[in-house]
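Protein chains get the first letters and strands the later ones, always in sequence-line order, with residue 1 at the start of each.
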Amino acid sequence: MSEAPFIQINDLHHVYLRDTPLEITALKGVDMEIHMGESVGIIGRTGSGKSTVVQHFNGLIRPREPGKVLVDGEDMSDPKIDIKRVRQRVGLVFQSPQQQLFEKLVGDDIAYGPKRLGMVQADRRERVKWAMEMVGLDFERFKDRFTFSLSGGEMRKTALAGVLALRPEVLILDESTTGVDPRGRKELMARLLALHKEHGLTLVFVSPNMEEVAELVERVYVMDDGRVVMSGTTREVFSQPEELFQHGLNVPQVTQVAHDLRARGIGVERVPVTVDEGVEEIWKILSSCETSPLVSTYQATR
Amino acid sequence: MSDPIVRMEGVHFHYNPDSDFPIHALQGIDLDVQAGDYLVIVGHNGSGKSTLAKNINLLLQPTAGDVWVKGLNTRRRENLLAIRSSVGMVFQVPDNQIVATIVEEDVAFGPENIGVPRDELRLRVDWALEVVDMLEHRHRPPHRLSAGQKQRVAIAGAIAIKPDILILDEATSLLDPKGREEVLRAVRALNEEGMTVIAITHFMHEATEGNRVVVMEEGKIVLEASPRAVFDHVEELRALQLDVPQPKELAYRLNGRDPTFPTDVVMVEELVDEVERRVKGGRRQ
Amino acid sequence: MSYVANAILLLVTLGLVLLSGVSLKYIFFGLKPALPLIIVLAILQLLFYGDAFTPHGMASRTYFRWGWIHITNGSVQLVIVSAARFVELLFLTSLLTNTTTLTDITHGIEDMLKPFSRFGVPANELALVGTISLRFVPLLGEQLETIMKAQASRGANVAHKSKLEFVSRARQVAAFIVPLFVDAFRRGEDLILAMQARCYVGGRGRSSFVRLRFQRMDYLAYGVGLVFSVLMLGLQSYFPF
Amino acid sequence: MDESVVVTREPRLDEPRLSVRSIVVAGVLSAITILMGWTRLGFVPVPTAAGNATIMHVPAIIGGVMEGWIVGGIISTIFGLFSFIQATVPLFKDPLIAILPRIFIGITAYFSYAGVKRINEYAALVIAAAVGTLTNTILVLTMATLRGYMAPGVAVTVGITHGLPEVVVAAIITVAVVVAWKGVETGRGEAKM
């Protein structure tokens, strides 16, 4: 990561309802950076300031002194900046899909962004087609459906397609998996991974769900009470379960298994964060002692 | 065994039965719930689990088959209030079920509806808020609470009518882990005091909360077991794309490599114990 | 329409404000947005309403007349008295909203309507409508904010259009008003189920948790109000200026 | 837990005076009215002398169209109450102007909608919006004139500069909302892109 970060924020503060009796301090000096091609998780309990931070990434909230937000080198506090272009490059998907659908028909809704960008009809159609394909919605079947009559899962896909249709370079998902059933969640995670790995999309994933974070991202920021309290690779951060616990978070169960084993004096080389890694780590431990003849049999057959 | 508190026999339910696209949401459900049970119903969106719940407290009436609650058939309209006051229900979105602008006034809404006299009202409201540990917030406006707190207010509102059965219809799916734990703790306490609980969820790991699990898919019950036994059906659960707790998944896959590794492991601690036993017990010195 | 009566009223409302403990600064602050209108109205009344009013018990006197414009002692009185009335009204309403929560006002309205329920006025139901609307204002407010942010994120126009394009402005407003309505209806559907599940079957026969009880202060307030009103009526006829 | 359920109230299953649906719809639509007033979103800038066209009365029209005249009447009354309580314009500090004329918005909207609905749904919505809006404008101005705040000539001018743009804006929004929500039931259209 030698090149300059794509998004860089420094000493960011934010107060909601400033100068009123209801004043709420949401951010108390936050530093973060997002590089091109990364996938980064922002985790923390409700009210920790996660959403407030990411809304700075595409200029929905502008920084105030002394805070600074740079997107591709551009200072977001400059009122003359081309904000539409920033919002095209940094796409933001919100939690509830209902809040993000504005048009009567699915096709028109996904075309909303491209239309605002001034694309011509034919290009728009292609763009909508592409976006729908990316999220797994059949173009012919869905383009003329009423947005408000879709099922929850279909709405969510439409909302994601609506943002993808802008062809953003960075995609922010603000708790977009909350309330999704496991089937929908698996599909969504697979599609996001594909977008990241195959299309080089930079992902910023905001979530309180540690299992998901472990699956999807390489690096995390942990937030609590308006500050970044931990940061590092997913493994580094998950290696400190007690600290996470203090911030109202837990680790994936497979990580917990490794920690508990360590506590009982059983050495685990590398702290696993996914089930796949967990199986390998535990297998290493089991096969290092010759308890069962089958272990050696298995090793012999490999 | 005594008579079940809820009995469903051959229940079918169609949405828009007379339209061109009727939806057959429940396709022949037979289910008994015993008093004191903690039944967990797991399934994806559209599997019919919410429809099933709404058929219990007469928010919906079966298009075929019968439902009895405490021996009262839901087909008879005159049983409506008796049935609804025996069943408390908490819904998915915390905000959309709170009626009043002050916590304690909202909790009073249900008992007010069944005409509980004023002195008794005060006692019930305090009791219900105490159970969910929200008494200190009783004078606050609900929109200033966290999602987990709101959901606990909703539970207080549901139990303030002193029901025998509490139904949670995906009541935890929009909460963060902390909020979810707060809510489950309150529900556990209620169940220990004897309230029958029916929890509907798409989180398989919440199955371990209860004493019985029912898995639904496409309007039918496809699996019914104890929480431990249900996870023995790893392949079926996978086929249904339901999540299996990570310790179970680990044990199952370790068993694939070493068939002596037990698969009846659900909790983190059980897995750790097993690995420890094998490592330490097997170490030849 | 009398100077004396309005002067007394003004003093009394001012006294009430002081009694209430609401900061005077706050009350005057509330007056500010209304000032331009009061002034414009005053000018209009001063210039064009000379013939419309004659002060009680006084001969009409013209101070100035030029074309349509004529200023009389009647229009001067109209200006002063109506300005005073506006100030009194503003004081009293901001006093009400600064001392009483909307929830309490809703309970109050319910109590007021209760005697009429035997004539078929659904007091309990109407109070419930009021409660639900107050409950949903902050929710829908948050919803609206997210809708607008989501639209901005997808390139909605931030720039203000000129007033001449008001049809497209209306469409723009519709673009976030429509999802807001749809969301409100959707939440409504949830709420209907939740209320039914909590045994709501209409307002008849419900008991009530909140009881507004008349206390000494309330009787006192009513009494003072009544005496004061009679006094003012008396003043009107004895001192009509 | 109690051993038995205490239902101290006789179940009454006769049609309540106001259905749960009516209460809830009236409640949430009134919430939108209040929200529009608080956020100033209820005002759309227009090119006439009026400066702003209000759309705060639109929820009352929509409520009337969708749930009948009683719901329409309740929402418009709450609109009146709210504009009385929150008024910064002196005119609306007078309850006879702020509240009384407003009551009729949702009611006239409903009856005009019901009358035309059989001929054409769209036309009925536009007419309901127009009638509801004009009810507001005309009755408020009439009341203001009667109460001596305005000369009749001034009222007519204000009526035209305010009334016409408000009719257009109200019609656009009413049609959009009702069609969007009813679209949930009816299903399909054709995307423009």
Can you say whether [X] sits under 4.5 Å from chain C via the side chain, the backbone, both, or neither, judging by heavy atoms?
X: D/I32; result: both
X: D/I74; result: side chain
X: D/I75; result: neither
X: D/V177; result: both

Grab the two heavy atoms, one from [X] and one from [Y], that are nearest each other, plus how far apart they are.
X: C/A174; Y: D/I173; value: CB-CG1, 4.0 Å
X: C/R186; Y: D/W181; value: N-CH2, 4.0 Å
X: D/S30; Y: C/V129; value: OG-CG1, 4.5 Å
X: C/I132; Y: D/I23; value: CD1-CG2, 3.8 Å
X: D/A180; Y: C/V178; value: CB-CG1, 3.7 Å

What distance do [X] atom [atom1] and [Y] atom [atom2] have between them, rounded to the nearest 0.5 Å?
X: D/L18; Y: C/L128; atom1: CG; atom2: CG; result: 9.5 Å
X: C/S133; Y: D/F82; atom1: OG; atom2: CZ; result: 10.0 Å
X: D/R21; Y: C/L191; atom1: CZ; atom2: CG; result: 11.0 Å
X: C/I192; Y: D/S19; atom1: CD1; atom2: OG; result: 7.5 Å
X: D/T174; Y: C/F181; atom1: OG1; atom2: CZ; result: 7.5 Å

Legend entry - Verdict with reasoning, C/E189 to D/V24, per side chain to side chain contact (heavy atoms under 4.5 Å, CB included): CA-CA 8 Å; C/E189 296 297 327; D/V24 169; over 6 Å; no
If one checks every heavy atom of C/L139 against chain D at 4.5 Å, the contacting part turns out to be neither
Audit row: D/L81, C/I109, side chain to side chain contact (heavy atoms under 4.5 Å, CB included) steps and yes/no: CA-CA 11 Å; D/L81 274 172; C/I109 291 175; 4.2 Å; yes
Within-4.5 Å side-chain heavy-atom neighbours: D/L29 and C/F136 = no
Note: vs chain D, highest number of non-hydrogen pairs under 4.5 angstrom among C/A184, C/G130, C/P138 is C/A184
